[in-house]
Number of protein chains: 2
Amino acid sequence: MEVFLKSVAALNDETRVLILRFLDEYGECCVCDMQNSLNMIQSRLSRHLKILKEAGFIRVERKGTWAYYSIRSPLDKFRSESIKEITYLEIELPELKKISETRECKI
Amino acid sequence: MEVFLKSVAALNDETRVLILRFLDEYGECCVCDMQNSLNMIQSRLSRHLKILKEAGFIRVERKGTWAYYSIRSPLDKFRSESIKEITYLEIELPELKKISETRECKI
DNA sequence: TCATTAAATCAACATATATTGATATTATAA
DNA sequence: TTATAATATCAATATATGTTGATTTAATGA
């Protein structure tokens with residue numbers, strides 16, 4: 001029950017649904033790129049990434065000061081069905097702005 | 001997005017997960033029987049039933065003063081996967097107390 | 001019509017969660 | 001080391017949601 005409710009609670013927020021959709025579309029992405037692309041302030045984004053991570057939807061890999069997030073793989077049936085369902089929603093996805101690669105983050 | 005979030009929000013509560021599991025196990029059931037079986041006060045149960053109904057998980061059929069709730073059928077993929085996932089949770093299910101049939105409700 | 005019963009809704013309150021700006025942590029490089 | 005940049009966490013506040021007891025609504029039968 002606890003694990004299920006944690007997954008469901010993580011899905012129960014428009015911001016997090018958008019983040020999942022974003023990562024599913026563009027693949028691994030660092031926080032500052034998401035800040036830029038999704039136009040979210042850092043603390044807000046960080047909070048939601050933590051919730052999604054602890055609910056088992058995403059994973060992090062640290063590379064220096066950067067944290068790269070991506071959809072966890074493999075996902076169990078319920079989580080992957082959830083992601084699939086989110087894909088069907090046809091959310092308007094902002095374009096990916098990869099400033100991290102230019103070494104000009106300074107967000 | 002709105003419909004998806006409504007479904008997810010409906011799942012995001014231990015009480016409602018239990019109600020779904022209960023209805024899935026025992027089939028159509030009236031409110032007073034659920035009150036008794038699940039040991040919930042009427043207003044609480046009624047609120048959760050409404051949320052589940054509006055999220056598309058269950059349906060009601062009125063028979064006189066009684067309201068019979070059951071899992072809606074057919075369910076779309078996400079909702080039926082959710083119900084399936086809930087079944088796997090192995091929730092301890094209280095037994096069904098069918099007092100409504102004895103005509104001695106007076107709850 | 002009036003009383004009774006099942007169910008729905010309301011009002012008050014308590015708890016949980018989201019947002020923001022400020023601060024802390026961690027890694028890198030000068 | 002010290003400064004800087006990326007990310008995480010904290011504190012304060014606002015909003016959403018759950019619980020309860022009281023009230024309302026709707027259907028039935030005397």
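Note on naming: letters A, B, ... go to the chains in the order of the sequence lines (proteins, then strands), and numbering restarts at 1 for each one.
In terms of phosphate contacts, A:T15 brings a side-chain nitrogen or oxygen within less than 4.0 Å of OP1 or OP2 of C:dT19. Between B:Y69 and C:dA8 there is a side-chain N or O to OP1 or OP2 distance below 4.0 Å.
A:Q42 contributes a side-chain N or O that forms a donor-acceptor pair with the base of D:dA8 under 3.5 Å.
Because its NZ or CZ atom is not both nearer than 6.0 Å to the ring centre of A:Y69 and within 45° of the ring axis, A:K53 does not count as a cation-pi partner of that residue.
We find that CD1 of A:I19 is positioned 11 Å from P of C:dA18, with the value rounded to whole Å. Remark: C1' of C:dT5 and CZ of B:R62 are 11 Å apart, rounded to the nearest angstrom. Computed from coordinates, the A:L5 CG to C:dT17 C1' distance equals 15 Å when rounded to whole Å. D:dT19 atom C1' lies 15 Å from atom CD of B:Q35, rounded to whole Å. D:dT4 atom C1' lies 11 Å from atom CH2 of A:W66, rounded to whole Å. Summarising the geometry, the separation between CG on A:N39 and C1' on C:dT19 is reported as 14 Å, rounded to the nearest angstrom. Nucleotide C:dT26 holds its P atom 19 Å from the CD atom of A:E61, rounded to whole Å. Across the protein-nucleic acid pair, B:L18 atom CG and D:dT19 atom P stand 12 Å apart, rounded to whole Å.
Contact between B:L11 and B:V17 at its shortest, heavy atoms only, is O-CG2, 3.4 Å. Scanning both residues, B:N36 and B:K97, for their nearest heavy atoms gives O-NZ, 4.0 Å.
Non-hydrogen atoms lying under 4.0 Å from DNA chain C are contributed by A:S43, A:R44, A:R47, A:H48, A:I51, all within residues 43-54 of chain A.
Salt bridge B:R21/B:E25: present, at least one basic N to carboxylate O contact under 4.0 Å. In summary, B:E28 and B:K63 engage in a salt bridge, as defined by a charged side-chain N under 4.0 Å from a carboxylate O.
Judged by closest nucleotide on DNA chain D, A:V60 is the one of A:V60 and B:A9 placed further toward the 5' end. Comparing A:G64 and A:N12 by the nucleotide of DNA chain C that holds the closest heavy atom to each, the one mapping nearer the 5' end is A:N12.
Taking the centre of each ring, A:F4 and B:Y88 stay at or above the 6.0 Å mark.
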Quiz item: Is there a side-chain contact (heavy atoms from CB on, under 4.5 Å) between B:F22 and B:I91 once you walk through the steps?
Solution: CA-CA 9 Å; B:F22 186 89; B:I91 295 164; over 6 Å; no

